[in-house]
*Asks:* 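Please see the structure below; I have some questions.
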Amino acid sequence: MASGGLKTKRVDVTTQYLDLFANLIEGSDGGKREFLEIGRLAGNFPAASLGGSGHVAGPDSISVWCSNDYLGMGQHPAVLEAVKDAVDKYGAGAGGSRNIGGTNHYHVLLENELAALHGKDDALLFTSGYTANDGALSVIAGRMEGCIVFSDALNHASIIDGLRHSRAQKQIFRHNDPAHLEELIAAADPDAPKLIVAESVYSMNGDIAPLAELSDIAKRHGAMTYLDEVHAVGMYGPQGAGIAARDGIADDFTVIMGTLAKGFGTTGGYIAGPAEVIEAVRMFSRSFIFTTALPPALAAGATAAVRHLRTSEAEREQLWSNAQLMHRLLNERGIPFISDQTHIVSVLVRDEAVCKRMSTLLLDQHGIYVQAINAPSVRVGEEILRVAPGAVHTADDVHGFVDALDQVWKETGHPRMPATQAAPAH
């Protein structure tokens, strides 16, 4: 029975079509997607209830170690108060697209706050980080006639889709390889408009792009730059402005793209940059124009999160302390991980079945939730447990997590690195 007591009715679809989709699912490298239903417990996170039915932490609650709410801002009192206040004032939804009755004062406040955070002329909100990259890049690359885009090989799917939709010429440089980028851009038509696109922190590897080198190349060849900082905003740099700001070179990047769904704990995406670029995207981006705006309450909550993190270092300090502790403990146990540069600790398993088994054992035996990551999020043979020690965890929590992972590693008999030689696997 469907909700409301209505009977479900299967649509009569020709069997061959259903077989096509069944074969598509069966032939997928990553297999079927499985989702664990949880309820993050406000005030008690990283505790969560299985099935989402619980309201308080209890003996059946689990501990979440793979959330992108890295700083716990999704449960911060200032954020929750702002959301509740805005709901009381304006209701649940925006009521329309930004062009048709959907622009609320909270949207304007948030865009002003984000522009100030990044030291840019203006900013523009999208409903997600995915639509921000897709919508912005389709305009920026697509509206410059003859533009050649130089994109890092591990850039996110949203970047790939945005560039595909732009129909601009695209050249891929090897991941974090400035020499290869230099080689490609030097061989390109010197008169053609050029755009370099990269991420600051890569979401699956947890490594950081060589931003200074990318900036230097852009200057030498007169290229525009677009930097995705979704896994860095809130967590790094002065006021949480990201890696480029941390390195003192934020002004070198034409457009900064970020999200509100990770360090800032809510949802939505944005770009910040020169007024002319932002206005062009506002005018022509299909993913901005043809969608309902973010609910005002979410914009209000995000504004509260950005403002808090512009003045508070406590969350960033706790995040990095936990990350460094986990790096050290994993090295001591000989458990390989990809990078020690950031808070994203990608434990390298390299086997889909073993990776899923480890995830299951952690949950069933230790009450720890870490999602196994397989294709297409990573290449086949590069499967990981993507661990995210957050600001909401304690040092004791980190020790307990590594102890549990160590036991699971033993139970599966998976190979290790010698503890005396352990180092991140690059």
Side-chain angles (χ1 to χ4, degrees), residues 29-30 33 66-70 118 124-142 149-168 170-177 180-181 195-211 214 224-236 242-244 253-264 266-273 281 285-288 338-339 341-346 371 373-380 382-384 386-388:
D29 287 336
R33 293 275 168 171
C66 53
S67 172
N68 285 340
D69 187 3
Y70 301 123
H118 294 293
L124 186 65
L125 289 174
F126 288 78
T127 52
S128 71
Y130 198 105
T131 57
N133 271 335
D134 188 4
L137 287 168
S138 65
V139 173
I140 294 170
V149 182
F150 301 87
S151 181
D152 187 285
L154 292 190
N155 277 341
H156 191 263
S158 57
I159 293 175
I160 294 170
D161 284 354
L163 295 179
R164 181 183 295 124
H165 292 153
S166 77
R167 299 184 179 180
K170 182 174 65 175
Q171 297 198 33
I172 308 300
F173 61 93
R174 290 186 292 269
H175 177 56
N176 281 355
D177 189 339
H180 190 218
L181 170 61
L195 175 66
I196 297 172
V197 183
E199 300 179 40
S200 60
V201 175
Y202 283 86
S203 61
M204 290 301 152
N205 285 16
D207 55 350
I208 293 176
L211 297 186
L214 300 186
M224 186 176 175
T225 48
Y226 183 101
L227 182 62
D228 178 324
E229 292 248 40
V230 296
H231 291 278
V233 289
M235 281 83 70
Y236 298 93
I243 296 293
F253 291 89
T254 317
V255 176
I256 300 289
M257 177 268 170
T259 185
L260 305 168
K262 296 176 174 62
F264 298 127
T266 55
T267 194
Y270 66 90
I271 58 170
V281 174
S285 171
R286 296 172 66 85
S287 67
F288 173 78
I338 296 176
S339 171
Q341 293 182 294
T342 67
H343 61 285
I344 298 172
V345 185
S346 297
Q371 183 61 47
I373 305 296
N374 56 7
S377 299
V378 295
R379 297 185 181 95
V380 174
E382 297 182 7
E383 292 79 10
I384 59 173
R386 185 185 181 277
V387 186

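Only heavy atoms go into these numbers, but all of them, side chains included; no hydrogens, no water, no symmetry mates. In this text, all values refer to a predicted model and were calculated from it rather than measured experimentally.
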*Asks:* Please give me the minimum heavy-atom distance between A232 and V201, naming the atom from each residue.
*Replies:* CB-CG2, 4.0 Å
*Asks:* Less than 3.5 Å apart, any donor N or O on the side chain of H156 or D228 sitting next to an acceptor on the other?
*Replies:* no
*Asks:* With side chain to side chain contact (heavy atoms under 4.5 Å, CB included) as the test, would you mind laying out the steps for M257 and N133 before giving the verdict?
*Replies:* CA-CA 7 Å; M257 177 268 170; N133 271 335; 3.4 Å; yes
*Asks:* With side chains defined as the heavy atoms from C-beta onward, is the minimum distance between V233 and F264 less than 4.5 Å?
*Replies:* yes
*Asks:* Evaluate the side-chain proximity of L137 to L195: yes if any heavy-atom separation is below 4.5 Å, no if none is.
*Replies:* yes
*Asks:* When rounded to the nearest 0.5 angstrom, what distance separates CD1 in I172 from OG in S151?
*Replies:* 4.5 Å
*Asks:* Among pairs that include at least one residue of residues 155-165, which meet salt bridge (Lys or Arg N to Asp or Glu O under 4.0 Å), considering only residues two or more places apart or in two chains?
*Replies:* D161-R164
*Asks:* I'd like to check the side chain to side chain donor-acceptor pair (under 3.5 Å) partners of E199; sequence neighbours left out, ordered by chain and number.
*Replies:* none
*Asks:* Once you round to the nearest 0.5 Å, how far does SG of C66 lie from CG of D69?
*Replies:* 12.0 Å
*Asks:* Answer whether the closest heavy-atom distance between the side chains of S200 and L211 falls below 4.5 Å.
*Replies:* yes
*Asks:* Can you name the nearest heavy-atom pair linking T342 to G206, along with the distance?
*Replies:* OG1-O, 2.6 Å
*Asks:* Can you tell me how far the CG atom of L181 sits from the CG atom of D152, to the nearest 0.5 Å?
*Replies:* 9.0 Å
*Asks:* Would you call Y236 and H343 a side-chain contact if the rule is heavy atoms closer than 4.5 Å?
*Replies:* yes
*Asks:* Taking the six-membered ring for Trp, are H118 and F253 ring centroids under 6.0 Å apart?
*Replies:* no
*Asks:* S138 and S166: side-chain donor and acceptor closer than 3.5 Å?
*Replies:* no
*Asks:* In the structure I gave you, are the side-chain heavy atoms of R386 and Q371 within less than 4.5 Å of one another anywhere?
*Replies:* no
*Asks:* So, for P210 and N176, which heavy atoms are closest and what is the spacing to 0.1 Å?
*Replies:* CD-OD1, 3.4 Å
*Asks:* Would you check if the side chain of T266 reaches a backbone N or O of L260 as a donor-acceptor pair within less than 3.5 Å?
*Replies:* yes
*Asks:* Contact between M224 and V255 at the side-chain level, heavy atoms closer than 4.5 Å - yes or no?
*Replies:* yes
*Asks:* If I take atom OG from residue S346 and atom CD1 from residue I384, how far apart are they, to the nearest 0.5 angstrom?
*Replies:* 3.5 Å
*Asks:* Ring-plane angle category for Y202 and H175, please: parallel below 30°, perpendicular beyond 60°, tilted otherwise.
*Replies:* perpendicular
*Asks:* Scan side-chain atoms only and decide if S339 and D207 contain a donor-acceptor pair under the 3.5 Å cut-off.
*Replies:* no
*Asks:* When you compare the side chains of N68 and H231, does any donor N or O come within less than 3.5 Å of an acceptor on the partner?
*Replies:* no
*Asks:* Quick one: does T127's side chain have a donor or acceptor within less than 3.5 Å of a partner on G268's backbone?
*Replies:* no
*Asks:* Which heavy atom of Y70 sits nearest to which heavy atom of G263, and what is that distance?
*Replies:* CD1-N, 4.4 Å
*Asks:* Please test Y226 against I140 for side chain to side chain contact (heavy atoms under 4.5 Å, CB included), starting from the C-alpha separation and ending with a verdict.
*Replies:* CA-CA 9 Å; Y226 183 101; I140 294 170; 4.0 Å; yes
*Asks:* Is any side-chain heavy atom of V281 less than 4.5 Å from a side-chain heavy atom of F126?
*Replies:* yes
*Asks:* Could you grab the distance from atom CE of M235 to atom CD1 of I243, nearest 0.5 Å is fine?
*Replies:* 8.5 Å
*Asks:* Which is it for R379 and L154 under the side chain to side chain contact (heavy atoms under 4.5 Å, CB included) test, yes or no, and what are the steps along the way?
*Replies:* CA-CA 11 Å; R379 297 185 181 95; L154 292 190; 3.7 Å; yes
*Asks:* Are any non-hydrogen side-chain atoms of E383 and I373 less than 4.5 angstrom apart?
*Replies:* no
*Asks:* With sequence neighbours left out, what residues match S203 under side chain to side chain donor-acceptor pair (under 3.5 Å)?
*Replies:* none
*Asks:* Could you give me the CA-CA distance, side-chain angles and deciding distance for T131 and F288, then say whether side chain to side chain contact (heavy atoms under 4.5 Å, CB included) is met?
*Replies:* CA-CA 8 Å; T131 57; F288 173 78; over 6 Å; no
*Asks:* Rounded to the nearest 0.5 Å, how far apart are CG of D134 and CD1 of I160?
*Replies:* 11.5 Å
